[in-house]
There are 2 protein chains.
Amino acid sequence: MSEVRVLLVDDHPVVRAGLRAMLTGFEGIAIAAEASDGRAALHELARLTALGEVPDVVLMDLQMGDGMDGVTATAEIRKLQPAPPVLILTTYDTDADILAAVEAGASGYMLKDAPPEQLRQAVLQAAAGGTALAPRAAALLMDRISNPGTSLTPREVQLLELLATGLSNRAIARQVFISEATVKTHLVHIYGKLGVDNRTAAIAAATQRRIIRPPGARG
Amino acid sequence: MSEVRVLLVDDHPVVRAGLRAMLTGFEGIAIAAEASDGRAALHELARLTALGEVPDVVLMDLQMGDGMDGVTATAEIRKLQPAPPVLILTTYDTDADILAAVEAGASGYMLKDAPPEQLRQAVLQAAAGGTALAPRAAALLMDRISNPGTSLTPREVQLLELLATGLSNRAIARQVFISEATVKTHLVHIYGKLGVDNRTAAIAAATQRRIIRPPGARG
DNA sequence: CAGCGGATCAACCGAAAGGTTGACTGCGGC
DNA sequence: GCCGCAGTCAACCTTTCGGTTGATCCGCTG
């Protein structure tokens, strides 16, 4: 009999307990192991692989306080041989989170506030080699392929990061060895792409979409 | 046999399942009921009270997507007769969150990444009429009573939060029904206390010191 | 090669923000 | 009752920022 075996990866004991209780309550799903961050997940995966017990799906949180984050871990897992499918289960549904996860090779993207039945479906689908996307994630990906020209250039992201640290235009200019005029030009472009009209709104928008890390983010 | 009876309030089914599994696994703790937001919690509380089964403690998340938020719900619960103690269990430990919760009458402030044993202790302590604070929450409150002059006033924190959402001075003024001049006065004070000289730097500093949550962070 | 987009810079102007001074109210403590 | 502090507002000035126009340079691509 073929049970779907899941590797849980989440840094919150409470969430792990919830998933464990919820998933083991379903027919045909079992927990193979648990890990509290990406690095631990890779260790578990190596251990299980050595035993010939590769899990059928990895259920992974994206935000994990101290250890390796979910996107990095997903990319690492996808490099393995064999590489179990990774289903992202997270709290946020921001553009960059979703895109980063998909680019890293995730088989699905679900939100933690999803009803249990949806979660069950997603786990089974991912384990079977399919995909499982939350509505907003699906919508975003559709939108991306229809008009891809909206994203920020690497240079713009770099200036955005400096902006978020609280530097003035002049200070940013000095930092990257360009003129203040150029900084202003870049900012105008950034504001246009983000749909805002000042620097604080740009920081808020860029943080929300996970284009940049929150100012003073730890880790 | 006096079991401690808990009312769970969290908008995530997964988290509720986790807390349910974790707490019922402990001796002397039982789940009285569950609710997915503040309003539902008040309903449950009314229902239980009518049955003469008032819970011994309310375990409440602060960030809840759609319904009444945790701070408002806590304040409402504390107005009841009888008013069960409210233990906050949340993901973030920013000054603004902690102070708001304590001012609303919470008996404790714990983080979701706390180990199960700590959680158990906190629930029991709160139920017994005591308090339970995460280390950072305790440190913050100690700091508040020792040197209250250095820290930001509630009003200043409020403006800081609006600032971080990307609003202009005029927009902030309209939001809180004061003049633009007053906003500027507050900002000057804020800059002085944070040791910065512009709004983006204020956001960065306030985020770093956990006075406010990162711009765009959502529950 | 012509065209496009990214990156660079200048000059300019109006709008917003930063900073200062001063003043008034209301509340709590000594 | 007086003092200090938080909160409110006005007037004024300087600096910074936002937005526009226009330009050069470079690398890639059809």
Side-chain angles (χ1 to χ4, degrees), chain A residues 144 146-207 211-212 215, chain B residues 95-96 99-100 102-103 143-207 211-212 215:
Chain A
R144 272 303 150 116
S146 57
N147 50 336
T150 343
S151 54
L152 299 181
T153 68
R155 189 58 151 179
E156 285 165 353
V157 174
Q158 183 192 9
L159 292 205
L160 206 39
E161 281 167 343
L162 293 172
L163 188 67
T165 67
L167 297 179
S168 68
N169 290 348
R170 187 170 303 171
I172 294 172
R174 274 198 279 261
Q175 193 93 9
V176 296
F177 307 109
I178 59 179
S179 80
E180 203 178 329
T182 306
V183 173
K184 292 171 69 174
T185 304
H186 282 305
L187 290 188
V188 169
H189 293 159
I190 292 170
Y191 298 160
K193 290 180 179 179
L194 292 180
V196 300
D197 62 354
N198 68 68
R199 51 181 53 214
T200 49
I203 296 173
T207 308
I211 293 168
I212 58 172
Chain B
D95 292 15
L99 291 177
V102 172
E103 276 163 21
D143 184 69
R144 273 300 151 114
I145 49 175
S146 59
N147 53 337
T150 332
S151 47
L152 299 180
T153 68
R155 189 59 151 177
E156 285 164 354
V157 173
Q158 182 192 10
L159 292 204
L160 206 40
E161 283 170 338
L162 293 173
L163 188 66
T165 67
L167 296 179
S168 69
N169 290 347
R170 186 169 305 167
I172 294 172
R174 274 197 280 260
Q175 193 96 7
V176 297
F177 305 110
I178 59 178
S179 81
E180 203 179 330
T182 306
V183 173
K184 291 173 70 173
T185 304
H186 282 305
L187 290 188
V188 169
H189 293 158
I190 292 170
Y191 298 160
K193 289 181 180 179
L194 292 180
V196 299
D197 61 353
N198 68 68
R199 54 181 49 216
T200 49
I203 295 172
T207 307
I211 295 167
I212 58 173

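Values in this document were obtained by computation on a predicted structure and should not be read as measured data. Letters A, B, ... mirror the listed sequences (proteins, then strands); counts begin at 1.
- Checking Arg199(B) against Thr185(B), the closest nucleotide of DNA chain C that is more toward the 5' end is the one next to Arg199(B).
- The side chain of Arg155(A) lies closest to dT8(C), out of dC9(D), dT8(C), dT20(C).
- Contact between the side-chain N/O atoms of His189(A) and the OP1/OP2 oxygens of dG6(C) is not found at any separation under 4.0 Å.
- Protein atom CG of Asn198(A) is 9 Å distant from nucleotide atom C1' of dG18(D), rounded to whole Å.
- OP1 or OP2 of dG18(D) lies within a sub-4.0 Å distance of a side-chain N or O belonging to Tyr191(A).
- For the side-chain contact (heavy atoms from CB on, under 4.5 Å) criterion with Ile172(A), the lone passing option out of Thr182(A), Leu162(A), Leu160(A) is Leu162(A).
- Residue contacts for Thr182(B): at a heavy-atom cut-off of 4.0 Å it reaches a base atom on one of the strands shown.
- The separation between Glu156(A) atom CD and dT8(C) atom C1' is 13 Å, rounded to whole Å.
- Side-chain contact between Ile178(B) and Arg155(B): present, with at least one pair of heavy atoms (C-beta onward) separated by less than 4.5 Å.
- In this structure, CD of Glu180(B) is placed 14 Å from C1' of dT8(D), rounded to the nearest angstrom.
- Side-chain contact between Thr153(B) and Lys193(B) is present, with heavy atoms from C-beta onward closer than 4.5 Å.
- Residues Lys184(B) and Phe177(B) each lie close to DNA chain D; by heavy-atom proximity, the contact nearer the 5' end of the strand is made by Phe177(B).
- Taking every side-chain heavy atom of Leu187(A) into account, dG18(D) is the closest of dT20(C), dC9(D), dG18(D).
- Counting to the nearest Å, the P atom of dA17(C) and the CG atom of Leu159(B) are 13 Å from each other.
- Between the CD atom in Gln158(B) and the CG atom in Leu163(B) there is a gap of 12.0 Å [rounded to 0.5 Å].
- Looking at which nucleotide of DNA chain D each of Asp197(A) and Val176(B) is closest to, the 5′-most match is held by Val176(B).
- The nearest whole Å value for the distance from the NE2 atom in His186(A) to the C1' atom in dG19(D) is 16 Å.
- One can place CG of Asn169(B) at 6 Å from P of dG18(C), the figure rounded to the nearest angstrom.
- At whole-Å resolution of the value, CG in Leu163(B) and P in dA16(C) are 16 Å apart.
- Picking from dT16(D), dC9(C), dA16(C) the nucleotide with the shortest atom distance to the side chain of Ser168(B) gives dA16(C).
- Within the 4.5 Å cutoff, side-chain heavy atoms of Val196(B) are placed close to those of Tyr191(B).
- For dG7(D), one of the phosphate oxygens OP1 or OP2 lies less than 4.0 angstrom from a side-chain nitrogen or oxygen of Thr153(B).
- Atom-to-atom, CZ of Arg170(A) to P of dG18(C) comes out at 15 Å; the value is rounded to the nearest Å.
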